[in-house]
*Asks:* 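Starting off with a structure, shown below.
Computation of the quantities below employed the complete heavy-atom set of this structure, encompassing side-chain atoms and omitting hydrogens, waters and symmetry-equivalent molecules. Within every chain, numbering begins at 1; the chains are lettered A, B, ... in the order of the sequence lines, protein sequences first and strands thereafter.
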There are 2 protein chains.
Amino acid sequence: MDMSERKLQILQAIILNYLETAEPVGSRTISRRFLMDLSSATIRNEMSDLEEMGLIEQPHTSAGRIPSSKGYRLYVDQLMKRDSVDDQQVGILMNLLKNKTLQLDSLLKEIGDLLATLTKYTTVVTMPHLKKSALKHLQLMPLDEHSAVLVLVTDGNIVRNHVIPLVRRLEPETMYHISDVLNKELSGLSVTQMDLTLIQKIKRECQVDSEVMESLLNAISDTLQHADDGDVFTSGATNILSFPEFSDIARARSLLEFLGQKDQILHLVNMEDKSTGPGLKIRIGTENQIEQLHDCSIVTANYRYGDRTIGTISVVGPMRMDYKKVVSALEGLMQDFPNLFAPGADPPQITQEDNHGKS
Amino acid sequence: MDMSERKLQILQAIILNYLETAEPVGSRTISRRFLMDLSSATIRNEMSDLEEMGLIEQPHTSAGRIPSSKGYRLYVDQLMKRDSVDDQQVGILMNLLKNKTLQLDSLLKEIGDLLATLTKYTTVVTMPHLKKSALKHLQLMPLDEHSAVLVLVTDGNIVRNHVIPLVRRLEPETMYHISDVLNKELSGLSVTQMDLTLIQKIKRECQVDSEVMESLLNAISDTLQHADDGDVFTSGATNILSFPEFSDIARARSLLEFLGQKDQILHLVNMEDKSTGPGLKIRIGTENQIEQLHDCSIVTANYRYGDRTIGTISVVGPMRMDYKKVVSALEGLMQDFPNLFAPGADPPQITQEDNHGKS
DNA sequence: TGTTAGCACTCCTCATCATTGAGTGCTAAC
DNA sequence: GTTAGCACTCAATGATGAGGAGTGCTAACA
């Protein structure tokens with residue numbers, strides 16, 4: 001069976017109508033609303049073909065048709081046009097963000113919030129992995145007899161801190177000294193790049209009583225190793241409850257619970273999928289591995305800082321999602337992303353994922 | 001109408017049965033399950049009285065009775081006994097927490113998570129207000145040409161940080177110097193205790209070019225003033241969806257959305273209520289001012305650090321909540337709270353809210 | 001050969017109606 | 001004061017049928 005232009009039009013009509021109404025679409029509706037020069041009977045024949053091709057399906061015999069995962073996929077890949085109206089919305093959003101913060105993590109949270117408000121779906125933002133980020137500065141701060149604070153700043157000005165125990169009191173001056181050495185040796189590196197040789201070198205350079213130094217370095221290395229491997233920030237989760245596809249409370253619950261599990265989310269958005277290139281990644285309905293997401297679609301963008309992809313911004317919604325709007329919003333966002341960050345921030349430049357291979 | 005012992009027994013029976021089944025309780029059920037020496041007819045007469053007193057109500061004429069807010073209130077105030085089984089559970093929970101962290105905020109998050117798991121309800125923990133906490137240490141860290149990080153540590157080892165812009169480059173040594181002065185002058189104080197005289201004094205002592213100093217102090221003071229006035233941490237929000245009283249999706253949604261609004265939550269838990277003493281605060285159904293909470297009950301405990309009440313831990317559930325379990329858990333928690341924190345932490349001691357006036 | 005009108009058929013939706021049963025309130029007897 | 005008995009109420013359940021949206025098929029048409 002060949003794929004005529006007309007079939008595509010009908011598929012698109014079904015999808016557009018279904019996105020709007022969430023009701024199965026009948027042949028007469030299409031004939032009246034979209035293709036007035038064809039009778040419903042003709043459209044019925046075409047729909048029958050489309051169903052055979054697996055692009056649409058029928059909830060029951062005497063109902064209209066709804067798009068299948070495969071149908072949405074075809075729509076997203078071939079039929080969908082970008083929307084400049086949404087681009088404008090993104091522009092407004094970006095202006096809200098500009099110069100608002102010097103810190104990448106708060107910026108990302110703001111983006112998540114605004115994107116959830118704009119799209120009315122749920123957004124999931126993964127923060128940069130500490131381990132993959134380059135350290136910009138690190139410092140020990142005296143706290144009390146038994147503890148000190150280790151403060152780490154990574155590129156993007158993300159600050160992490162951890163209280164570490166001391167075997168015995170250290171003078172502030174000693175700490176400053178150690179901090180200087182640590183900084184000299186470690187800044188610019190990522191956690192994965194730190195090895196034993198480096199640690200030995202630091203130990204020598206500090207010239208501090210080796211017992212203290214030993215425990216201190218252990219604590220620091222512990223902190224670095226166990227630092228959360230990427231935080232997840234979710235916004236607009238309750239938006240899901242407003243869609244009729246989630247009026248079944250059990251379904252809604254299982255999805256919301258899934259969205260609450262950081263490790264699962266991380267696993268999901270970081271999952272590599274050979275078929276998609278560098279741009280946005282769109283997963284539709286049953287294309288998702290995870291069962292809780294079989295009724296959902298997820299659009300994911302990777303953001304970059306410097307030359308590394310370090311995190312993701314995703315929009316989660318029902319399969320009957322306004323793909324055009326979401327894709328426009330995310331693409332617009334990724335385009336403007338580099339300009340968002342600190343007007344004259346030092347050397348680092350956030351660059352967008354280049355979209356080569358896409359028109 | 002007087003309140004006989006028997007009426008109380010019947011009320012208690014209704015409540016216990018309703019907690020279990022979520023179904024209106026009929027006279028025959030009580031006669032069979034709880035008070036076998038009385039006929040259903042007798043119980044019916046008593047129930048009629050209880051209804052007239054406003055302690056129970058009837059969804060419709062031919063249904064059993066369910067407790068009213070007033071009924072639960074009486075139960076909570078007079079009938080409910082503490083439960084030692086739950087105490088044991090709390091004991092286990094406490095052991096899980098012990099020595100886990102040196103930082104009050106992560107400890108509180110853990111508590112929230114565990115309490116949500118234990119009770120199967122939703123927990124809401126408010127973090128200490130920065131403005132009310134005493135500063136333990138504060139420090140400026142160099143970052144790059146245009147910015148520095150201000151790190152604040154409050155009692156409880158809660159670390160906050162903020163990137164602040166610099167009008168021009170400062171040497172690390174200068175920053176250390178400024179930090180020392182700031183520390184000397186400010187540590188031990190809370191934000192509310194800092195005034196203009198103090199700032200002037202700091203300016204003099206630093207002996208740094210006054211333009212730089214001016215902008216720096218402004219930024220710091222900005223940071224302190226605008227520091228989030230208490231963060232809110234919610235755990236187990238989706239538990240709500242498992243209760244039949246929230247099978248209506250609109251109701252569930254409005255509650256979940258309410259729980260997502262930090263400012264509203266803060267307003268709620270900090271609301272002073274003259275009628276309750278120092279111990280736990282229990283708000284049942286319509287006793288809550290906020291409309292979204294009319295079907296819910298909230299049990300709130302204040303935690304203290306040193307001599308100040310600085311935050312709250314709450315459990316939110318349906319009105320048909322297992323008050324005994326929740327109250328036992330929270331009371332047990334507050335009792336052990338002081339022992340939880342850092343084995344040999346410096347001077348500060350977390351003390352519990354004393355329960356005088358309670359048996 | 002592609003398009004369309006017509007028609008029988010399917011099956012969901014909704015309203016109606018009767019049945020059932022849990023529960024009540026009242027009364028009269030114990 | 002307690003209880004048995006009885007009439008009554010009303011939500012829940014399930015059966016029934018009308019209405020309607022939509023389909024698939026067939027036959028006629030351009």
Side-chain angles (χ1 to χ4, degrees), chain A residues 1-11 13-15 17-18 20-68 71 244-245 247-248, chain B residues 1-11 13-15 17-18 20-68 71 244-245 247-248:
Chain A
M1 192 165 322
D2 60 336
M3 193 56 172
S4 67
E5 176 64 23
R6 197 169 70 182
K7 281 196 176 60
L8 287 177
Q9 275 178 28
I10 293 177
L11 175 62
I14 293 173
I15 290 178
N17 205 79
Y18 188 64
E20 212 179 284
T21 63
E23 299 287 333
V25 188
S27 53
R28 227 179 95 74
T29 311
I30 296 180
S31 152
R32 263 181 312 159
R33 285 201 47 190
F34 297 90
L35 299 157
M36 280 131 82
D37 47 342
L38 287 180
S39 79
S40 63
T42 311
I43 291 171
R44 265 202 301 282
N45 289 331
E46 296 284 41
M47 281 167 89
S48 180
D49 293 352
L50 286 170
E51 180 161 17
E52 209 170 308
M53 296 160 83
L55 297 170
I56 56 179
E57 45 200 32
Q58 231 176 343
H60 55 87
T61 358
S62 69
R65 306 302 212 291
I66 61 175
S68 66
E245 29 271 271
S247 60
D248 173 21
Chain B
M1 191 168 319
D2 61 335
M3 193 56 172
S4 68
E5 178 63 25
R6 199 169 66 182
K7 280 194 178 59
L8 287 177
Q9 273 177 29
I10 292 176
L11 176 63
I14 292 173
I15 289 178
N17 204 80
Y18 186 66
E20 215 179 282
T21 63
E23 298 288 331
V25 188
S27 53
R28 227 179 94 74
T29 310
I30 296 180
S31 150
R32 264 180 313 157
R33 286 200 48 190
F34 297 90
L35 298 156
M36 281 131 82
D37 48 343
L38 286 180
S39 79
S40 64
T42 312
I43 291 171
R44 264 203 299 284
N45 289 330
E46 297 285 40
M47 280 167 90
S48 179
D49 292 353
L50 285 171
E51 181 163 15
E52 206 171 312
M53 295 159 85
L55 296 170
I56 55 180
E57 45 200 35
Q58 234 176 340
H60 55 86
T61 352
S62 70
R65 305 304 211 292
I66 61 175
S68 66
E245 28 272 271
S247 60
D248 174 22

*Asks:* Rounded to the nearest 0.5 Å, what's the gap from CD1 on B:I10 to CD on B:E5? Could you check?
*Replies:*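 Rounded to the nearest 0.5 Å, the CD1-CD separation comes out at 11.0 Å.
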
*Asks:* Considering residues at least two apart in sequence or located in another chain, which fulfil the side-chain hydrogen bond (donor to acceptor under 3.5 Å, both in side chains) criterion with B:E51?
*Replies:*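 With neighbours one apart ignored, the set is B:R65.
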
*Asks:* To the nearest angstrom, how far is B:R44 atom CZ from C:dG23 atom P?
*Replies:*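 To the nearest whole Å, that distance equals 10 Å.
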
*Asks:* Taking only residues two or more places apart in sequence or in another chain, which ones pass salt bridge (charged side-chain N to carboxylate O under 4.0 Å, His left out) with B:E245?
*Replies:*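 Scan of B:E245 (salt bridge (charged side-chain N to carboxylate O under 4.0 Å, His left out), adjacent residues dropped) gives B:R320.
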
*Asks:* Could you run through DNA chain C and flag its stems, i.e. three or more consecutive Watson-Crick or G-U pairs with both distances under 3.5 Å?
*Replies:*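 Stem list for DNA chain C: C:1-30 with D:1-30.
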
*Asks:* Round to a whole Å and report the spacing from CZ of B:R28 to C1' of C:dG21.
*Replies:*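 So the CZ-C1' distance, B:R28 to C:dG21, works out to 12 Å.
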
*Asks:* Which heavy atom in A:A63 sits nearest to a heavy atom in A:P59, and how many Å separate them?
*Replies:*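 Answer, listing the atom of A:A63 first, then A:P59: CB-CD, 4.2 Å.
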
*Asks:* Could you tell me which residues satisfy side-chain hydrogen bond (donor to acceptor under 3.5 Å, both in side chains) with B:S68, sequence neighbours excluded, listed by chain and number?
*Replies:*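 side-chain hydrogen bond (donor to acceptor under 3.5 Å, both in side chains) check on B:S68 returns nothing, list empty.
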
*Asks:* Mind checking side-chain hydrogen bond (donor to acceptor under 3.5 Å, both in side chains) for A:E46 and listing every partner two or more places apart, or none if nothing turns up?
*Replies:*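 Partners of A:E46 by the side-chain hydrogen bond (donor to acceptor under 3.5 Å, both in side chains) criterion, ordered by chain and then number, come out as A:R6, A:K7.
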
*Asks:* If you look at every strand shown and take non-hydrogen atoms under 4.0 Å, does A:S27 touch a base, only sugar-phosphate, or nothing?
*Replies:*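 The residue A:S27 makes sugar-phosphate contact but no base contact.
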
*Asks:* Write down the distance between CG (A:L38) and P (C:dG2), rounded to a whole number of angstrom.
*Replies:*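 These atoms are roughly 14 Å apart.
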
*Asks:* Atom CD1 of B:I30 and atom P of C:dG23: how far apart are they, to the nearest Å?
*Replies:*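 In whole Å, C:dG23 P lies 10 Å from B:I30 CD1.
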
*Asks:* Looking only at heavy atoms, which two atoms of B:M3 and B:L8 are closest? And how far apart?
*Replies:*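 Closest approach of B:M3 to B:L8, heavy atoms only: CE-CD2, 3.3 Å.
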
*Asks:* Output the rounded distance in Å from NZ (A:K7) to P (C:dG2).
*Replies:*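 About 10 Å, once rounded to whole Å.
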
*Asks:* Write down the protein N/O and nucleotide N/O pairs, taken from nucleotides 9-12 of chain C, whose separation is under 3.5 Å; answer none if there are no such pairs.
*Replies:*
{"from": "C:dT10", "atom 1": "O3'", "to": "A:T61", "atom 2": "OG1", "distance (Å)": "3.4"}
{"from": "C:dT10", "atom 1": "O2", "to": "A:S62", "atom 2": "OG", "distance (Å)": "3.2"}
{"from": "C:dC11", "atom 1": "OP1", "to": "A:T61", "atom 2": "OG1", "distance (Å)": "2.9"}
{"from": "C:dC11", "atom 1": "O5'", "to": "A:T61", "atom 2": "OG1", "distance (Å)": "3.4"}
{"from": "C:dC11", "atom 1": "O4'", "to": "A:S62", "atom 2": "OG", "distance (Å)": "3.0"}
{"from": "C:dC11", "atom 1": "O2", "to": "A:S62", "atom 2": "OG", "distance (Å)": "3.2"}

*Asks:* Please table the atom pairs, donor to acceptor, closer than 3.5 Å between any side-chain atom in residues 26-37 of chain B and protein atoms at least two apart or in another chain.
*Replies:*
{"from": "B:S27", "atom 1": "OG", "to": "B:R44", "atom 2": "NH1", "distance (Å)": "3.3"}
{"from": "B:S31", "atom 1": "OG", "to": "B:L38", "atom 2": "O", "distance (Å)": "3.2"}
{"from": "B:R33", "atom 1": "NH1", "to": "B:N17", "atom 2": "OD1", "distance (Å)": "2.8"}

*Asks:* Could I get the full list of salt bridge (charged side-chain N to carboxylate O under 4.0 Å, His left out) partners for A:E57, not counting sequence neighbours?
*Replies:*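 Here no residue qualifies.
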
*Asks:* Listed by chain and number, what are the side-chain hydrogen bond (donor to acceptor under 3.5 Å, both in side chains) partners of A:S39, not counting sequence neighbours?
*Replies:*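 Result, side-chain hydrogen bond (donor to acceptor under 3.5 Å, both in side chains) vs A:S39: A:T42.
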
*Asks:* Rounded to whole Å, how long is the line connecting atom CD1 of B:I43 with atom C1' of C:dG23?
*Replies:*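 In whole Å, C:dG23 C1' and B:I43 CD1 are 13 Å from each other.
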
*Asks:* Hey, where on DNA chain D does chain B first and last touch, going 5' to 3'? Cut-off is any atom under 4.0 Å from a heavy atom.
*Replies:*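 Span of nucleotides near chain B: D:dT2 to D:dA11.
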
*Asks:* Can you name the side-chain contact (heavy atoms from CB on, under 4.5 Å) partners of B:N45, sequence neighbours left out?
*Replies:*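 If we apply the side-chain contact (heavy atoms from CB on, under 4.5 Å) test to B:N45, skipping adjacent residues, there are no hits.
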
